[in-house]
Amino acid sequence: MSKEICSRTQDYAQWYNDLIIKGGLADYSSVRGCMVIKPYGYAVWEHIKEVLDKEFKRTGHQNAYFPLFVPKSMFEAEEQNAEGFAKECAVVTHYRLKGDPVHKGKLIVDPDAKLEEELIVRPTSEAIIWSTYKNWIQSYRDLPLLINQWANVVRWEMRTRLFLRTSEFLWQEGHTAHETAEEALSETTQMLDIYARFIEDYMAVAVVKGVKSDSERFAGAVQTYCVEALMQDGKALQAGTSHFLGQNFAKAFDVKFADKNNQMNFVWATSWGVSTRLIGGLVMAHSDDEGLVLPPKIAPMQVIIIPIFKSAEEKQTIDITVHQLMQALANLGIRYKYDDSDKQRPGWKFAEYEMKGVPLRVAIGLKDLEKKQVEVVRRDNRTKQFLPLDQLATSLSNLLDDIQQAMLNKSKEYLQDHITRVDTWDDFKKVLNQKGGFVSAHWDGTAETEEKIKQTTKATIRCIPLETPLEEGKCIVTQKPSKQRVLFALAY
RNA sequence: CGGGAGGUAGUUCAGCCCGGUUAGAAUGCCUGGUUUGGGACCAGGAGGUCGCUGGUUCGAAUCCAGUCCUCCCGACCA
């Protein structure tokens, strides 16, 4: 019983940490703000990568890799972008260590090895990439340039949380260049749609698509599109962003192309990314007090098979049936594991794989074989059923589909139930404090009002939703006219 | 970066206030046996520079100073 996790109601933050650590996704490291992603957690990331990478390539993008370091002069070229990230940059100032003359066996930074120009460890790669694009783009024939990079970035955050905000994290960043604003904008929304579809279809997390307010916009962008998800504690999580960068970076890095009329123009740009933060969202969106609950499409193991036996002979009998099942599962492309170790008893295994969020558990004993059936338990709702051995793999495959769908439906319902329309300032505060979730309210469109709301309630505008109809109304704070409701929430 | 809590066996923790044999417990691990349909039981065994550095002292896990790291709350954060 050493692996019990804290309950959600008792301490939500502790519950989240327990899931990550005891579910085997990641470990704390001895490096400030950085974590070790363990094999089970990395497998989740690999699935995310695999699916998204296919989508990127399907839509014409290619992968490339750019340097980890950005010379300071290059970094500061796009002023807004540089300013936005300046406070959280790791900076390389020296390139050599030497023996400490005072403390034998220790090392000190060699003062003679100071760099002429400091190198910034990338917090994002716009600068290094755009300085490169300058050389790659001359003519409209070079456009569009559609590139994605899978990489690590470093942001020196004041306070870190496993997966949600770590000093170093893994992500992908797409950086594209286009002939026209329209084309760049359509790229921006195309990528946003890919994120939204992925998060809903694979991660089974319902999202709201929208655009950021001025104050929440990416530094250097003209418009930031985002997908926002809602966690079980009623706080919002920005799950992915797609930026329309206008010509800001083209101008900062002097990236021009000759059009068909031989006119020189600045290119139009986008950038878009999702990170390992998605895993944090995945964990918080679905899990319960027994452990992780992973959607089948992302789960490293989709089916765990556990034999119930008393002797080697019994196990041999069970093995025959299980091997047939495994072959059938493999044919259907289902990720399974047969845990036939006799080091742990079945009860221990049940608890362990529940903790790890494996969507389906199949238990097979002699009793079942006599009846030509197996016991199957769903992780999402923990219901138990007996399924006939005949066509079992197909039945399990269907069940996995059911689970995937059920998880998404549950998430959608939760989201819908937690978008609350309010029309008064009192209701706004009340809903935020008591119910949580998104509060849909009219806002006068000014940064001042937004800031005032943030100061008094800590809620921020998560997004101006794309799919909400225009509607005349009055700002809940200033009573000034407003044309559309926006979504407020406490956020991670 | 401010406030709070903490760092002792693989893990969770006790011991510290009030310094003193060989630093304990549970769990995990190893060996043997009995077990096996919801985190088994018995017996034996291995495992710790008490975060690190320095100081006080005859003597430091314990007192003092510094430092590193973690967690929580806040500020900050596309």
Side-chain angles (χ1 to χ4, degrees), chain A residues 1-6 11-18 20-22 27-35 80-81 83-89 102-103 106 123-124 126 153 155-162 164-167 169 171 173 211-228 238-245 271-275 277 290-291 306-312 314-315 318 340-355 361-369 374-375 377 382 384 386 454-455 458 460 462-463 491-492:
Chain A
M1 299 293 267
S2 66
K3 275 190 147 185
E4 269 184 24
I5 61 177
C6 188
D11 184 342
Y12 190 84
Q14 188 59 48
W15 168 75
Y16 175 75
N17 286 333
D18 282 355
I20 305 282
I21 302 294
K22 293 176 180 170
D27 248 342
Y28 294 113
S29 76
S30 45
V31 185
R32 155 182 252 156
C34 298
M35 64 174 177
Q80 286 193 339
N81 186 250
E83 239 183 81
F85 285 104
K87 290 183 300 244
E88 49 190 36
C89 286
V102 182
H103 304 284
K106 305 283 184 185
T124 180
E126 272 81 2
V153 289
R155 295 179 188 180
W156 215 262
E157 302 285 358
M158 288 301 173
R159 187 177 162 207
T160 55
R161 303 198 64 186
L162 293 168
L164 296 176
R165 182 174 287 111
T166 47
S167 296
F169 57 92
W171 77 344
E173 46 181 328
V211 297
K212 288 292 186 188
S213 65
D214 292 3
S215 64
E216 297 277 329
R217 182 180 302 143
F218 177 69
V222 172
Q223 188 74 281
T224 288
Y225 290 75
C226 63
V227 280
E228 295 280 330
Q238 178 176 299
T241 47
S242 184
H243 315 290
F244 172 60
L245 302 175
S271 72
W272 27 273
V274 295
S275 71
R277 176 181 243 205
E290 316 305 318
I306 297 173
I308 313 289
F309 59 91
K310 291 189 168 72
S311 65
E314 286 190 17
K315 182 170 173 302
I318 294 165
D340 63 346
S341 104
D342 59 358
K343 289 179 186 141
Q344 259 81 35
R345 303 172 77 227
W348 188 93
K349 294 177 186 172
F350 293 169
E352 180 66 12
Y353 292 105
E354 248 164 40
M355 174 82 75
R361 179 179 82 226
V362 175
I364 306 183
L366 287 192
K367 277 190 272 176
D368 304 304
L369 290 183
V374 296
E375 180 197 279
V377 177
R382 305 184 78 208
K384 186 183 283 190
F386 291 91
K454 187 178 172 184
Q455 289 303 322
K458 288 174 193 157
T460 49
R462 299 322 302 157
C463 72
Y492 276 97

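Proteins get letters first, then strands, A, B, ... in listed order; numbering begins at 1 in each.
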Compare the minimum distances between each of B/U70, B/G39, B/G38 and the side chain of A/Glu352, then state the nucleotide with the smallest one. B/G39
Taking pairing as Watson-Crick or G-U wobble with both contacts under 3.5 Å, can you name the mate of [N], or confirm there isn't one?
| N | answer |
| --- | --- |
| B/G37 | none |
| B/C1 | B/G74 |
| B/U11 | B/A26 |
| B/U67 | B/G51 |
| B/C17 | none |
| B/G32 | B/C42 |

Atom-to-atom span, [atom1] of [X] to [atom2] of [N] - whole angstrom:
| X | N | atom1 | atom2 | result |
| --- | --- | --- | --- | --- |
| A/Gln14 | B/C71 | CD | P | 10 Å |
| A/Asp27 | B/C71 | CG | P | 12 Å |
| A/Arg32 | B/C71 | CZ | P | 11 Å |
| A/Tyr28 | B/C72 | OH | C1' | 10 Å |
| A/Met355 | B/G38 | CE | P | 18 Å |
| A/Ile21 | B/C71 | CD1 | P | 9 Å |
| A/Met35 | B/C69 | CE | P | 18 Å |
| A/Tyr12 | B/C73 | OH | P | 12 Å |

Sequence neighbours left out, what passes ring pair (Phe, Tyr, Trp, His ring centres under 6.0 Å) with A/Tyr12? Give chain and number order. A/Trp15
Would you classify [X] as touching base, sugar-phosphate or nothing, given that sugar-phosphate means primed atoms plus P, OP1 and OP2, and contacts are heavy atoms under 4.0 Å?
| X | value |
| --- | --- |
| A/Leu164 | nothing |
| A/Gly240 | nothing |
| A/Phe350 | base |
| A/Trp156 | nothing |

Got A/Phe169 and A/Glu157 here, is their nearest side-chain heavy-atom distance under 4.5 Å? no
Closest to the 5' end of RNA chain B, once A/Ala13 and A/Gln238 are matched to their nearest nucleotides, is A/Ala13
With nearest nucleotide decided by heavy atoms, which residue, A/Ala219 or A/Lys343, maps closer to the 5′ end of RNA chain B? A/Lys343
So that I can tick it off, tell me whether A/Glu352 and A/Arg361 are bridged by a salt bridge, with the cut-off set at under 4.0 angstrom between side-chain N and carboxylate O. no
Heavy-atom donor-acceptor pair, [X] side chain to [Y] backbone, under 3.5 Å:
| X | Y | result |
| --- | --- | --- |
| A/Lys212 | A/Arg462 | yes |
| A/Arg217 | A/Val222 | yes |
| A/Glu314 | A/Lys310 | yes |

On the nucleotide B/U70, are OP1 or OP2 found under 4.0 Å from the side-chain N or O atoms that A/Asn17 carries? no
Look for any protein N or O under 3.5 Å of an N or O in nucleotides 74-77 of chain B and output each such pair with its distance, or none.
residue, atom, partner, partner atom, Å
B/C77, O2, A/Arg165, NE, 2.8
B/C77, O2, A/Arg165, NH2, 2.5
B/C77, N3, A/Arg165, NH2, 3.4

Between B/C41 and B/U36, how far is it from one P atom to the other, in whole Å? 14 Å
With the criterion being N/O to N/O and under 3.5 Å, what pairs connect the protein with nucleotides 31-36 of chain B, and how long is each?
residue, atom, partner, partner atom, Å
B/U36, O4', A/Arg345, NH2, 3.4
B/U36, O2', A/Phe309, O, 3.4

